[in-house]
Amino acid sequence: MKYSTQLVVRTYECDSYGHVNNAVYLNYLEFGRMEYLHQIGFDYKNLVADGYYLYITHIDINYKSSAYLDDRLFIDVEPVKLNIISGTFRQTVRKEDGTICATADVTWASVKAGRPARIPDKYMVSGLYPDGIPKKKETVQ
């Protein structure tokens with residue numbers, strides 16, 4: 001399942017060169033992931049209430065082209081990997097004309113009480129799976 005959300009570049013996201021600062025792309029990626037989780041019905045609020053957290057453990061980001069004030073950007077999110085306690089989203093930030101500003105593979109892990117932990121089954125919605133189809137517990141890799 002691939003999801004896309006959009007935003008418009010704001011003044012405070014631009015640096016002295018007039019383009020979106022590289023660090024801001026991490027915020028864009030997080031915004032896109034959270035919107036994706038809402039879209040697929042993932043109950044993040046109750047996951048946290050149950051003591052679980054999704055920590056970002058690694059981001060591999062490649063900057064391709066600059067974005068500027070008032071550009072309309074699209075943040076694409078697609079799950080590409082799901083393990084027992086972690087997964088990876090592939091994300092793209094692109095302009096309205098299709099120009100790619102950045103691509104990233106974002107790896108996350110489920111944590112409870114400071115230790116890696118499997119996400120409870122009640123939170124395992126189909127959108128977390130790369131092909132959108134939940135696997136049997138013993139085959140989730």
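Every heavy atom of this structure was used, including side-chain atoms; hydrogens, water molecules and symmetry mates were not.
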Discussion item. Quick check against the 3.5 Å criterion: does Asn21 have a side-chain atom that pairs as donor or acceptor with the backbone of Ala23?
Written reply: yes
Response to the item:
Rounded to the nearest 0.5 Å, the CG atom of Leu26 sits from the CD1 atom of Ile59 at a distance of 5.0 Å
Discussion item. Applying the ring-ring contact (aromatic ring centres under 6.0 Å, His included) criterion to Tyr36, which one of Phe31, Trp108, Phe89, Tyr44 satisfies it?
Written reply: Phe89
Discussion item. Determine whether a donor-acceptor pair (N or O, by modelled atom type, separation under 3.5 Å) exists between the side chain of Asp97 and the backbone of Thr99.
Written reply: yes
Fill in: Test side-chain contact (heavy atoms from CB on, under 4.5 Å) applied to Cys14 - qualifying residues, sequence neighbours left out
Val9, Leu69
Discussion item. If the condition is side chain to side chain donor-acceptor pair (under 3.5 Å), which residues does Asn22 pass it with, not counting sequence neighbours?
Written reply: none
Response to the item:
When rounded to the nearest 0.5 Å, the distance separating CD of Glu78 from CE of Met1 is 10.5 Å
Fill in: Audit row: Leu37, Leu128, side chain to side chain contact (heavy atoms under 4.5 Å, CB included) steps and yes/no
CA-CA 8 Å; Leu37 292 176; Leu128 290 177; 4.1 Å; yes
Discussion item. For Thr5, is there any backbone N or O sitting under 3.5 Å from a side-chain donor or acceptor partner on Glu35?
Written reply: no
Practice prompt. Indicate yes or no for a side-chain donor-acceptor contact from Lys112 to the backbone of Ile119 under 3.5 Å, with no hydrogens or angles considered.
Written response: no
Item to complete: Determine, step by step, whether Val77 and Ser4 satisfy the side chain to side chain contact (heavy atoms under 4.5 Å, CB included) criterion, reporting the C-alpha distance in whole Å, the side-chain angles of both residues, the deciding distance to 0.1 Å, and the verdict.
Response: CA-CA 6 Å; Val77 182; Ser4 186; over 6 Å; no
Worksheet item: Does some side-chain heavy atom of Tyr3 sit less than 4.5 Å from a side-chain heavy atom of Ile40?
Response: no
Practice prompt. Identify whether Leu82 and Val80 are in the same connected component of the hydrophobic contact network (ILVMFWY, side-chain heavy atoms under 4.5 Å).
Written response: no
Discussion item. For a quick test of reading the model, state the closest non-hydrogen atom pair linking His19 to Tyr68 and the distance between them.
Written reply: CB-CE2, 3.5 Å
Discussion item. Nearest 0.5 Å, please: how far is CD1 in Ile75 from CE in Met34?
Written reply: 14.0 Å
Practice prompt. Supply the atom-to-atom distance Leu54 CG to Ile85 CD1, rounded to the nearest 0.5 angstrom.
Written response: 11.5 Å
Discussion item. Between Lys122 and Asp50, is the side chain to side chain contact (heavy atoms under 4.5 Å, CB included) condition met? List the steps.
Written reply: CA-CA 11 Å; Lys122 68 181 178 178; Asp50 284 349; 3.2 Å; yes
Discussion item. If I take atom CG from residue Leu73 and atom NZ from residue Lys95, how far apart are they, to the nearest 0.5 angstrom?
Written reply: 8.0 Å
Discussion item. Working note: Ile56 + Arg33, criterion side chain to side chain contact (heavy atoms under 4.5 Å, CB included); need CA distance, chi angles, decisive distance, verdict.
Written reply: CA-CA 11 Å; Ile56 299 304; Arg33 286 190 310 277; 3.7 Å; yes
Worksheet item: Can you name the closest pair of heavy atoms from Cys101 and Ala67 and give their distance?
Response: SG-CB, 4.0 Å
Worksheet, complete the sentence: Per side chain to side chain donor-acceptor pair (under 3.5 Å), Asp105 is matched among Lys81, Arg90, Gln91 by Arg90
Worksheet item: Between Thr107 and Thr88, does any side-chain donor sit less than 3.5 Å from a side-chain acceptor?
Response: yes
Worksheet item: Are any non-hydrogen side-chain atoms of Val20 and Val93 less than 4.5 angstrom apart?
Response: no
Worksheet item: Would Tyr55 end up clustered with Met124 when hydrophobic side chains under 4.5 Å apart are linked, directly or stepwise?
Response: yes
Worksheet item: Can you hop from Phe74 to Ile100 via hydrophobic side chains spaced under 4.5 Å?
Response: no
Fill in: Set of ring-ring contact (aromatic ring centres under 6.0 Å, His included) partners for Tyr63, sequence neighbours left out
Tyr25
